Amino acid sequence: MASVSSQPQFRYTQPPSKVLHLRNLPWECTEEELIELGKPFGKVVNTKCNVGANRNQAFIEFADLNQAIAMISYYASSSEPAQVRGKTVYLQYSNRQEIVNNKTSADVAGNVLLVTIEGADARLVSIDVLHLVFSAFGFVHKITTFEKTAGFQALVQFSDSETASAAKNALDGRSIPRYLLPEHLGPCTLRITFSAHTDLSVKFQSHRSRDYTNPYLPVASSAIDGSGQFSMGFDGRKVEPESNVLLASIENMQYAVTLDVLHMVFSAFGPIQKIAMFDKNGGVQALIQYPDVQTAIVAKEALEGHCIYDGGFCKLHISYSRHTDLSIKVNNDRSRDYTSPVLSSQPSVLGQQPVPIPGPSTHQFEGAQYASPSDQPVIHQPSAGWATSAAAAGAPPPPPQSMPMQQHNHPYMPPGTMPPQPVPGMMPMQTQTGLPQSAAMPPYSH
DNA sequence: AGCACA
């Protein structure tokens, strides 16, 4: 079949066009360089660079045909060839009359990232892991995940394009750190472009979509009932069905964690009905009961993997309990029913302060949470913005800071004396983290 | 060094 314009493709005399075709450009030539090149001859109204398989071709479109002719004519008789960064550039009239800029949305920065997770086990990456990874760069508003021909993909919504760009720059082409993934998973590489979306629509909290700005969203039945499609947890086991009761285990318990401390930490997300603490496997665990599943989900989401005290001490691991209503027989320092006025009001547990067990010196993680791949997976320790009032409230030196969501509380006061909680919240905790930038780099290998 | 898309 003859092509539409059945002329030989390469010839020395193209019919004039206000669009010029350039080749042999240096790699990653910019629009600015093209404009500089054409400016002496007229008004450059459009450019397109990084064209072709080698991305070393480009187009310049002038406002007027005569300007294009002027440029071609000049270099046709010039002893100096057209150059960009010292590299000779070959010019000719394009065989088209205008540049069509199919600027894909992937090229224009937006606040929503399109993330493709590559790897054999890509679809086993949980939305929680994605949330963790991207939260390092700022507050993640929403995440949706879906399967396309491209594979397992996610849309991740940030507040603004600056934050999204920072995340994209740091993570594109890198792999999710191994310690964030279940052990049996292979490498999972992130390919990131900008999405054209600006605001994702998340109707339900589910295993495939989350809206972190709205803790009261209904929870999709698929995430609760026996559909079996629960995302993978950190340890690679199926995550339990959501429940209003959380099971928290405390790792690296350098300081005593009292019932009141737990109450304080967990009540940031909503009223707590009951807490029961017990020893298991040489560690301390606690069951925390909220009135509803949604509150528990938010609390779990925000607290999982975080430490009650700075320095990686008393790290929380949270799962959903199979319980829905705890049976508290007696209020003591290990169990408490906050809904029962008869049982409560034992003064003995009030006003407790964290007691250093071995008394380690405190050190901060700051933004370096990604720098220690072996342990301490993801600890968002806001390095600024609070701690002053808490420290001044009489807490002993070792744990100078506490959970970020307690910002407006005095952490070690009896619950009843605390000021009213603001929004139960994950908001403050992710935002203040600061960009990890170089600190985030090591574990993300190419 | 030779005409763009995704």
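Letters A, B, ... are given to chains in the order of the sequence lines, protein chains preceding strands, and every chain is numbered from 1. Treat the numbers as computed from the prediction; the structure is a model and nothing was measured.
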Below 4.0 angstrom, which residues in residues 57-66 of chain A have at least one non-hydrogen atom near DNA chain B? A/Gln57, A/Phe59
The correct set of residues in residues 25-55 of chain A placing a heavy atom under 4.0 Å from DNA chain B is A/Lys48, A/Val51
With sequence neighbours excluded, what pairs up with [X] under the side-chain contact (heavy atoms from CB on, under 4.5 Å) test?
| X | value |
| --- | --- |
| A/Ala196 | A/Ser105 |
| A/Ser161 | A/Ala109 |
| A/Ser209 | A/Thr144, A/Val202, A/Ser206 |
| A/Ala150 | A/Gln153 |

Kindly confirm whether the side-chain ring of A/Tyr90 is stacked on the base of B/dA1, judged by centres under 5.5 Å and planes under 30°. yes
Not counting sequence neighbours, list each pair that qualifies as a salt bridge (charged side-chain N to carboxylate O under 4.0 Å, His left out) and has a residue in residues 59-84 of chain A. A/Lys18-A/Glu61
Donor-acceptor pairs are to be reported for all side-chain atoms of residues 24-31 of chain A against protein atoms at under 3.5 Å, with residues two or more places apart or in another chain.
from	atom 1	to	atom 2	distance (Å)
A/Asn24	OD1	A/Lys87	NZ	3.3
A/Asn24	ND2	A/Thr88	O	2.9
A/Thr30	OG1	A/Glu33	N	3.2
A/Thr30	OG1	A/Glu33	OE1	3.3

Sequence neighbours excluded, every pair satisfying ring-ring contact (aromatic ring centres under 6.0 Å, His included) that has a member inside residues 36-55 of chain A: A/Phe41-A/Tyr74, A/Phe41-A/Tyr75
Among the candidates B/dG2, B/dA4, B/dA6, find the nucleotide nearest to the side-chain atoms of A/Asn102. B/dA6
Answer yes or no: does a side-chain N or O of A/Arg96 lie under 4.0 Å from OP1 or OP2 of B/dA4? yes
